[in-house]
Participant: 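Here it is, the structure, as structure tokens.
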Amino acid sequence: MAVAELSTSCTKTHSSQLSLSSSSSSRFSHHFRRSFRPLPTTRNPTISCSVASDQVQTPIPVQAQDLKGKSECYGVFCLTYDLQAEEETKSWKKLINIAVSGAAGMISNHLLFKIASGEVFGPNQPVALKLLGSERSIQALEGVAMELEDSLFPLLREVSIGINPYEVFQDAEWALLIGAKPRGPGMERADLLDINGQIFAEQGKALNASASPNVKVIVVGNPCNTNALICMKNAPNIPAKNFHALTRLDENRAKCQLALKAGVFYDQVSNMTIWGNHSTTQVPDFLNARIKGLPVKEVIKDHKWLEEEFTEKVQKRGGVLIKKWGRSSAASTAVSIVDAIRSLITPTPKGDWFSSGVYTNGNPYGIVEDIVFSMPCRSKSEAELLAEKRCVAHLTGEGIGFCDLPEDTMLPGEM
């Protein structure tokens, strides 16, 4: 079975000094500032819901002078600490900027503290959180920042909040797009398309104008596959392969159901694929999944359950949860975002894969092109990437090398 390959390489665009105010004029050598600054509430023109690339218009970037005198700090995020050069830890990596939309919501309330603690990007990776909300949620964002402040996370070097995506997304290297109108009881994800389509068109244009050119984007707000496509089409300067729609929650739900049925722990289930949309039309693939390394049908003998109940349980799990709890899943969604990020930045174990909604152009499965569709993916190690480069050089006659990769392996740039 062919598996879509993804590169784990990440371009860092920031200097190693931890100097963290939002204006470049206030950066100091060997100093850092923990700053929590609400950004101005300038409005952008109304943007219609469209995925046509020829309709994309590049917005006018926010000028630095517009930000002067309009920021506000809270507690220790306002204090400046002077550090000697030798006091700056050499074990820490360069600061990365992580933008999160819907930052005052329930999902973010679980996710942000995992990021700030080092659970997501590692125990030696300092982070700056850029939190996007709305006019209605600005005070709630202040409360979120206060809780982050009170948690004393040593890796959290900056928190900024705002309601203008062009400003909040400035230099973002990761964009976790959670903010969207939530699905309520009796609603289908398609019902959210009109409103959320406009939100993600605007956010795509903002990423295109302000974020790092190699920003990695994970779209969570539903319908996430369509929203990811809309966002991608409005950000033509960002590689299409950098956009992902979150289907990891569905993968985790499927693994849970298989583990429960087989009477094993969750970590014994591997190679679980979610095909299609994060919706009731998805197909959780038990045929290629494995339990303790064996095909699922060899472990679970109740094939009728697999072919009927299993699929329906996974497809409708979110709706059942809403009926019982009165709102969409939050904590489990945050956990699945963490899992998705880790899968993207960590080489995938040999023989395994993970599910993600990705752009279909060049896919090896015969899926129609120019949509976002969940499929099995792998993140490559540096050794795999080097082998591919040598393979390509050998096949094209551009150098001497070797080519021992499977025929169905996708080459860089194809996904």
Side-chain angles (χ1 to χ4, degrees), residues 8-22 26-39 73-104 107-132 141-162 168-176 178 211-212 214-218 331 334-346:
T8 61
S9 60
C10 241
T11 302
K12 296 290 189 292
T13 59
H14 297 273
S15 63
S16 59
Q17 74 177 44
L18 302 180
S19 174
L20 302 169
S21 64
S22 60
S26 61
R27 294 183 181 269
F28 303 97
S29 176
H30 308 312
H31 302 330
F32 67 87
R33 177 180 296 274
R34 302 193 65 160
S35 59
F36 165 47
R37 359 182 128 253
L39 295 169
C73 297
Y74 295 83
V76 297
F77 288 117
C78 281
L79 301 179
T80 300
Y81 303 91
D82 294 337
L83 297 180
Q84 299 297 322
E86 59 269 19
E87 292 177 318
E88 294 185 6
T89 173
K90 295 180 180 179
S91 64
W92 281 4
K93 300 177 182 178
K94 296 178 181 179
L95 178 79
I96 59 173
N97 291 302
I98 304 159
V100 182
S101 72
I107 297 173
S108 296
N109 194 256
H110 293 278
L111 176 65
L112 294 174
F113 295 85
K114 292 179 177 292
I115 295 174
S117 70
E119 182 179 338
V120 182
F121 292 96
N124 62 348
Q125 178 61 71
V127 297
L129 289 174
K130 299 170 173 288
L131 310 182
L132 178 66
L141 278 181
E142 294 173 3
V144 170
M146 291 170 68
E147 280 210 279
L148 288 167
E149 174 186 66
D150 294 343
S151 299
L152 305 180
F153 293 117
L155 292 171
L156 181 58
R157 316 310 288 172
E158 176 182 348
V159 174
S160 59
I161 68 173
V168 175
F169 292 165
Q170 188 68 44
D171 299 325
E173 293 157 282
W174 285 85
L176 311 178
I178 301 170
S212 163
N214 198 37
V215 61
K216 308 295 186 296
V217 184
I218 298 179
V335 170
S336 71
I337 296 170
V338 172
D339 291 341
I341 294 172
R342 285 175 173 170
S343 290
L344 290 173
I345 64 178
T346 306

Participant: Which heavy atom of Ala128 sits nearest a heavy atom of Leu95, and at what distance?
Facilitator: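 Residues Ala128 and Leu95, closest heavy atoms: N-CD1, 3.7 Å.
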Participant: Decide yes or no for Val335 and Lys114: does some side-chain heavy atom of the first lie under 4.5 Å from some side-chain heavy atom of the second?
Facilitator: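 Of all side-chain heavy-atom pairs linking Lys114 with Val335, at least one is under 4.5 Å.
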Participant: If we check side-chain contact (heavy atoms from CB on, under 4.5 Å) with Trp174, which of these qualifies: Val215, Ile218, Val217?
Facilitator: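 Testing Trp174 for a side-chain contact (heavy atoms from CB on, under 4.5 Å) against Val215, Ile218, Val217 leaves exactly one candidate, Ile218.
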Participant: Which heavy atom of Lys94 sits nearest to which heavy atom of Gln125, and what is that distance?
Facilitator: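 Taking every non-hydrogen atom into account, O-NE2, 2.6 Å.
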Participant: How close do Gly162 and Leu141 get, heavy atom to heavy atom, and via which atoms?
Facilitator: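 Smallest interatomic distance, heavy atoms only, reads O-CD1, 4.1 Å.
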Participant: Just wondering, do Ile98 and Phe121 contact through their side chains at under 4.5 Å, heavy atoms?
Facilitator: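 Yes - at least one pair of side-chain heavy atoms lies under 4.5 Å apart.
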Participant: What are the two closest heavy atoms between Gly102 and Ser108, and how far apart are they?
Facilitator: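 The answer is O-OG, 2.9 Å.
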Participant: Working to the nearest 0.5 Å, report the span between CG of Leu131 and OG of Ser160.
Facilitator: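 These two atoms lie 6.5 Å from each other.
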Participant: Within the structure provided, determine whether Leu176 and Ile341 are in side-chain contact (heavy-atom separation under 4.5 Å).
Facilitator: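 Leu176 vs Ile341: side chains touch.
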Participant: How about Asn109 and Glu147: do any of their side-chain heavy atoms sit closer than 4.5 Å?
Facilitator: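 They are in side-chain contact.
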Participant: Rounded to the nearest 0.5 Å, what's the gap from CD1 on Ile96 to CG on Leu129? Could you check?
Facilitator: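 Separation between the atoms: 9.5 Å.
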Participant: Kindly indicate whether the side chain of Ile161, heavy atoms from C-beta on, has any atom under 4.5 Å from the side chain of Glu142.
Facilitator: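 A side-chain contact under 4.5 Å exists here.
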Participant: Rounded to the nearest 0.5 Å, what's the gap from CG on Leu112 to CD1 on Ile107? Could you check?
Facilitator: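 Here the interatomic distance stands at 11.0 Å.
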Participant: Has the side chain of Ser101 got a donor or acceptor atom that lies under 3.5 Å from a matching backbone atom of Ile178?
Facilitator: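 Here the side-chain-to-backbone pair exists.
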Participant: For Phe113, which residues count as a ring-ring contact (aromatic ring centres under 6.0 Å, His included) partner, sequence neighbours excluded?
Facilitator: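 By the ring-ring contact (aromatic ring centres under 6.0 Å, His included) rule, Phe113 matches no residue at all.
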Participant: Write down the atom of Ser117, the atom of Leu155, and the distance for their closest heavy-atom approach.
Facilitator: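 The answer is O-CD1, 4.1 Å.
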Participant: Decide yes or no for Phe169 and Leu132: does some side-chain heavy atom of the first lie under 4.5 Å from some side-chain heavy atom of the second?
Facilitator: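 Counting from C-beta outward, Phe169 and Leu132 do come under 4.5 Å.
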Participant: Could you state the interatomic distance from OG (Ser212) to CD (Gln170), rounded to the nearest 0.5 Å?
Facilitator: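 Rounded to the nearest 0.5 Å, the OG-CD separation comes to 10.5 Å.
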Participant: How far apart are the closest heavy atoms of Ile345 and Val120, and which atoms are they?
Facilitator: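 For Ile345 versus Val120, the nearest heavy atoms are CD1-O, 4.1 Å.
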